[in-house]
Amino acid sequence: MRNHEVAWVFQRIADLLEIKGAPSYKVRAYRRAAHSILALPRPVEDYHAEGRLTEIPGVGKALAGKIDEILASGTCRLLKELEEEVPPGLLEMLEVPGVGAKTAALVYRQLGITDLDGLERAARDHRLRTLPGMGGKKESNILHGIALVRRRPDRLPLGVARSLAESIREALVRSGLAERVEIAGSLRRWRETVGDIDLVAASPHPEQLVEVFTALPICEEVIEKGPTRARIRCRPVGQVDLRVVSGDEFPCALLYLTGSKEHNLRLRSLAQRKGLKLNEYGLFRGGERLAIACEADVYEALGLQWIPPELREDAGEIEAALRGELPRLIELDDIKGDLHVHTTWTDGTADILEMAGAAAELGYSYLAICDHSKSLTVAVGLDEKRLLEQKAAVERYRKRSTEPYLLAGVEVDILADGTLDLEESVLAGLDVVCASVHRAFRQSREDMTARLLRALRSPVVRVLGHPTGRLLGTRESCDIDLEAVMEAAAAEGKILEVNASPERLDLNDAGIRMAKAKGCLLAINTDAHGPAGLRDMRYGVGIARRAGVTPDMVINTWPLDRLLAYLRSAANT
DNA sequence: GCCGTTTTCGGCCCGACTGTTTTCAGTCG
Ligand SMILES: Nc1nc2c(ncn2[C@H]2C[C@H](O)[C@@H](COP(=O)(O)OP(=O)(O)OP(=O)(O)O)O2)c(=O)[nH]1
Ligand SMILES: [Mg+2]
Ligand SMILES: [Mg+2]
Ligand SMILES: [Zn+2]
C-alpha cells in the first residue's frame with residue numbers, strides 16, 4: 001500500500017508550489033488530491049492497475065499521470081524541478097506557528113535564508129525587521145515559535161486530551177457565563193490523537209467568558225485572544241481553542257468547530273451550489289438566516305442525512321449521506337459485556353467479585369475474566385494450576401449470581417515462536433481464550449507474522465488481543481503483515497480485539513477498516529485492570545465508529561446465548 | 001488543477017486575530 005507515499009509527494013509539491021507563489025487553486029488541487037488518496041479504502045496501486053485513478057476525487061488527467069510516475073519511479077519530475085527551484089529547507093520553516101509560505105518566500109528572496117537555523121540566526125540578529133511587513137514583534141514571535149517547534153510538541157493521546165478537555169469544560173460551566181460548552185474538533189471526532197482541544201460555547205457574555213478562559217490556572221500562555229475566540233497553551237501539555245457564539249448560533253458553531261476542515265469545505269460548497277451560505281454563525285439565503293435548531297437541520301437543508309462526527313473526514317461520508325446510505329454505527333449502549341478484564345489474581349486491582357459488580361453497574365449481561373499467563377512474570381501470570389483454580393472460582397460465582405454471566409477465560413501469552421504459554425488441554429476447558437503478544441516485539445515482519453498465524457491456528461484461541469502491540473506515543477506497532485493475519489482470522493472465524501484502553505486503541509481505526517474489509521469479527525474490550533477501567537469502553541467504540549463499524553460485527557454486542565454458542569461452536573471446528 | 005442536477009469555462013469556504021500598516025496581508029481555525 002503506497003497511499004502515504006503518493007500523498008506525501010503531493011503534499012510536498014503543494015507546499016513548494018505555495019512558497020513559489022503558484023496560484024492558490026493549484027496548490028489546493030494538490031492538497032485535495034493528497035487528502036483523497038489518504039482517505040482511500042484500498043491501495044492506490046489498485047486504482048492504478050484498474051485504470052480508475054481519475055475516479056479518485058480531485059484527481060484528473062494531470063494528477064493521474066503524476067501518480068503513474070510516482071508509482072513507477074518513487075518520485076516525479078515536477079517535484080524534482082520544484083526542489084531545484086525552492087530550497088526544501090524552507091519547508092521546515094512552515095512548522096513554525098505564524099510562519100507561512102509568504103514569509104518563507106520573503107526571507108529566502110530578500111535574505112537568502114534557506115532553512116530553520118538560518119531563520120533563527122536572522123531573527124536573533126534583528127535582520128527580519130528590515131523586511132517589508134515585518135517588525136520587532138514578529139521577530140520575537142518567530143524566535144519563540146522556533147523554540148516550541150524544537151521541543152517537538154507531540155499530538156496528545158485521546159485519553160489525556162479527554163480528561164483535560166472535561167476539566168476545562170467544567171471550569172467554564174462553573175463560571176456561570178455559558179449556556180452551553182461542548183467539546184468539538186478532532187476530539188469530538190474521536191481521533192486517537194489530537195493536535196489541540198477545541199471547545200465551543202454559547203454565551204450572552206462572550207468577552208467575559210474569554211476572560212475566564214484565559215485566566216484559568218492551567219493556562220501557561222495566552223497565544224491569542226479576541227472578543228469571540230481565544231487560544232491558550234496549558235501546563236504541562238496541550239493547547240486549547242475556545243470559540244464563543246450566541247445560543248442561536250451554537251449549532252452552526254459546533255458544526256464548524258467539529259470539522260474536519262475537509263468536511264466543512266464540502267458542506268460549504270454544497271451550500272453554495274444551493275444558493276446558500278454556511279458559516280459558523282448560521283445558514284443563510286441571501287441576507288436571511290434560516291431557522292437552525294441543531295446540526296441535523298443544516299445537513300437536512302443540504303439534502304444530507306445527519307453525519308456522526310466520527311465520520312466527518314471527507315472520506316466518502318458526504319456521498320453516502322447524499323444517497324441516504326450511512327451505516328448505523330455501533331453505540332456504547334449496544335455493548336452487552338466486556339471480554340477482557342484482569343483481577344487481583346494477576347495484576348488487577350480488584351477481585352472477581354468487584355469486577356463483576358462494576359460490570360453489573362454498567363448493565364452488562366456478561367464479563368470475561370482474562371488474566372495473564374505465567375510467562376508474564378511482572379504481572380504474576382497464572383500457571384495451569386492457578387488458572388484452573390481461578391476457573392473454579394468463576395464457576396462458583398456463576399452459581400451464586402446470574403448477572404453478569406462470568407466467562408472463565410485467559411489472556412495467554414503468545415511466545416516468541418508462536419506457541420502458547422499454557423497447555424492447550426487446560427485452555428480448551430475455558431469459555432474464551434484471548435492470545436496476545438507481550439514480549440519480543442522487535443521480530444522481523446516475517447517472524448512476527450508467522451508467530452501470529454501460528455497462534456491463530458491453535459483451535460483453542462478465539463481472540464487475538466491488542467493485535468499490533470502499539471502503545472500510543474510510546475511503542476510503535478510491531479512489524480506485521482496485518483492483511484495476512486486478518487485473512488487467516490476471517491477464514492477461521494477468529495476474533496480481532498479492539499483494545500479500548502486509551503494507551504492502546506489497538507486495532508486503531510485504519511486497522512479496523514482493514515479488518516472490516518476482510519470480513520473479520522471484532523470484540524471491543526477494555527483490558528480493565530480495575531473497575532474504573534471498564535469505562536474505557538467508550539474509547540474503543542469511538543475508534544470503531546470512525547471505521548464505520550456496525551453492531552453486528554462486534555461479538556460483545558451479541559446476546560449471551562448467541563455469544564456462547566459462537567464461542568463453543570468455533571472451538572469445536 | 002479539478003469540476004458540473006444552473007455551468008465544459010469560470011469559479012474554487014468563510015471568518016477571527018495579529019502585527020503592521022493608515023487600510024490590509026498573512027496565517028490560522
Ligand atoms: N471552514 C473551515 N473550517 C476550518 C478550517 N480549518 C479548521 N476548521 C475547523 C474544522 C476543524 O476541525 C476545527 C478545529 O481546527 P483544528 O485545527 O483544531 O483541527 P482538528 O481539531 O480537526 O484537528 P487537530 O487534531 O486539532 O489537528 O476548525 C478551514 O480552513 N475552514
Ligand atoms: Mg483541534
Ligand atoms: Mg483548534
Ligand atoms: Zn495484554
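Residue numbers start from 1 in every chain, and the chains themselves are labelled A, B, ... in the order their sequence lines are given, proteins ahead of strands.
When the C1' atom of dA16(B) is taken as reference, atom CD of E249(A) falls 14 Å away, rounded to whole Å. At whole-Å resolution of the value, CG in L94(A) and C1' in dC28(B) are 13 Å apart. L255(A) has its CG atom 15 Å from the P atom of dG15(B), to the nearest Å. In this structure, the CD1 atom of I56(A) is 11 Å from the P atom of dC3(B), given to the nearest Å. To the nearest angstrom, C1' of dC2(B) lies 15 Å from CG of L53(A). Between the CZ atom of R243(A) and the P atom of dC14(B) there is a distance of 15 Å, rounded to whole Å. For the pair L128(A) CG and dG19(B) P, the computed distance is 15 Å after rounding to whole Å. Atom CG of L322(A) is separated from atom C1' of dT5(B) by 12 Å (rounded to the nearest Å).
When heavy atoms are screened at a 4.0 angstrom cut-off, G136(A) is found touching the sugar-phosphate backbone but no base atom. Residue contacts shown for P132(A) are absent, as no nucleic acid heavy atom lies under 4.0 Å away. Among the heavy atoms of the strands lying under 4.0 Å from P227(A) are primed sugar atoms or P, OP1, OP2 only; no base atom is included. No contact: A33(A) has no heavy atom under 4.0 Å from any strand. Nucleic acid contact for V210(A): none, since no nucleic acid atom lies under 4.0 Å from a heavy atom of the residue. Across all strands, R266(A) comes closer than 4.0 Å to no nucleic acid atom at all (heavy-atom distances). Residue L267(A) is classed as having no contact, given no heavy-atom separation below 4.0 Å to the nucleic acid. No contact: N264(A) has no heavy atom under 4.0 Å from any strand.
Rounded to whole Å, the C1' atom of dC3(B) lies 10 Å from the corresponding atom of dT7(B). Comparing the P positions of dT27(B) and dT20(B) gives a spacing of 13 Å, expressed to the nearest Å. If you take atom P in dT22(B) and the same atom in dG26(B), they sit 15 Å apart, rounded to whole Å. dT21(B) sits 14 Å from dA25(B) when the P atoms are compared, rounded to a whole Å. Taking atom P in both dC13(B) and dT18(B), the straight-line distance is 26 Å, to the nearest Å. When the C1' atom is compared between dT8(B) and dG1(B), the two are found 15 Å apart, to the nearest whole Å. The P atoms of dC12(B) and dG19(B) are separated by 31 Å, rounded to the nearest whole Å. The gap from the C1' atom of dG11(B) to that of dT6(B) amounts to 13 Å, rounded to the nearest Å.
Phosphate proximity of dC17(B) to T228(A): present, with a side-chain N or O under 4.0 Å from OP1 or OP2. One finds a side-chain N or O of R28(A) lying less than 4.0 angstrom from the OP1 or OP2 phosphate oxygen of dC13(B). Contact between the side-chain N/O atoms of K277(A) and the OP1/OP2 oxygens of dG15(B) is found at a separation under 4.0 Å. One finds no side-chain N or O of S24(A) lying less than 4.0 angstrom from the OP1 or OP2 phosphate oxygen of dC12(B). Side-chain nitrogen and oxygen atoms of Q272(A) include at least one within less than 4.0 Å of the OP1 or OP2 phosphate oxygen of dC14(B). When the side-chain nitrogen and oxygen atoms of N279(A) are compared with OP1 and OP2 of dC13(B), none of them lie within a distance under 4.0 Å.
With a glycosidic angle no further than 90° from 0, dT7(B) counts as syn.
For the atom pair CG (L329(A)) and CZ (R546(A)), the distance works out to 11.5 Å, reported to the nearest 0.5 Å. If you take CD on E221(A) and NE2 on H144(A), they are separated by 3.5 Å, rounding to the nearest 0.5 Å. Atom CZ of R127(A) sits about 13.0 Å away from atom CD of Q110(A), to the nearest 0.5 Å.
Checked against dC13(B), dA16(B), dG1(B), the side chain of K261(A) finds its nearest nucleotide in dC13(B). Counting only heavy atoms from C-beta on, K102(A) has its side chain closest to dG26(B) among dC13(B), dG26(B), dA16(B). Nearest to the side-chain atoms of K137(A) among the listed nucleotides dG1(B), dG29(B), dT20(B) stands dT20(B). In this structure, of dT27(B), dC17(B), dG1(B), it is dG1(B) that holds the atom nearest to the side chain of Y30(A).
More than 12 heavy atoms of other residues, nucleotides or ligands shown are found within 6.0 angstrom of CZ on R129(A).
At least one donor-acceptor pair under 3.5 Å links the side chain of R235(A) to the backbone N or O of P217(A). The main-chain N or O of Y256(A) is found under 3.5 Å from a side-chain atom of N264(A) such that the two form a donor-acceptor pair. With hydrogens and angles ignored, the 3.5 Å screen pairs no side-chain donor or acceptor of S501(A) with any backbone N or O of D527(A).
Donor-acceptor pairing under 3.5 Å, judged by distance alone, is present between the side chain of R268(A) and the base of dC14(B). A donor-acceptor contact under 3.5 Å is not formed by the side chain of Y256(A) with the base of dG15(B).
Using the six-membered ring where Trp is involved, Y299(A) and H263(A) have ring planes that are tilted, between 30° and 60° apart.
For the pair R229(A) and R273(A), both in contact range of DNA chain B, the more 5′-proximal nearest nucleotide belongs to R273(A). Mapped onto DNA chain B by nearest heavy atom, R231(A) and G135(A) fall at different nucleotides, with G135(A) at the one closer to the 5' end.
For dG11(B), the paired nucleotide is dC2(B), the pair qualifying as Watson-Crick or G-U wobble because both relevant distances are below 3.5 Å.
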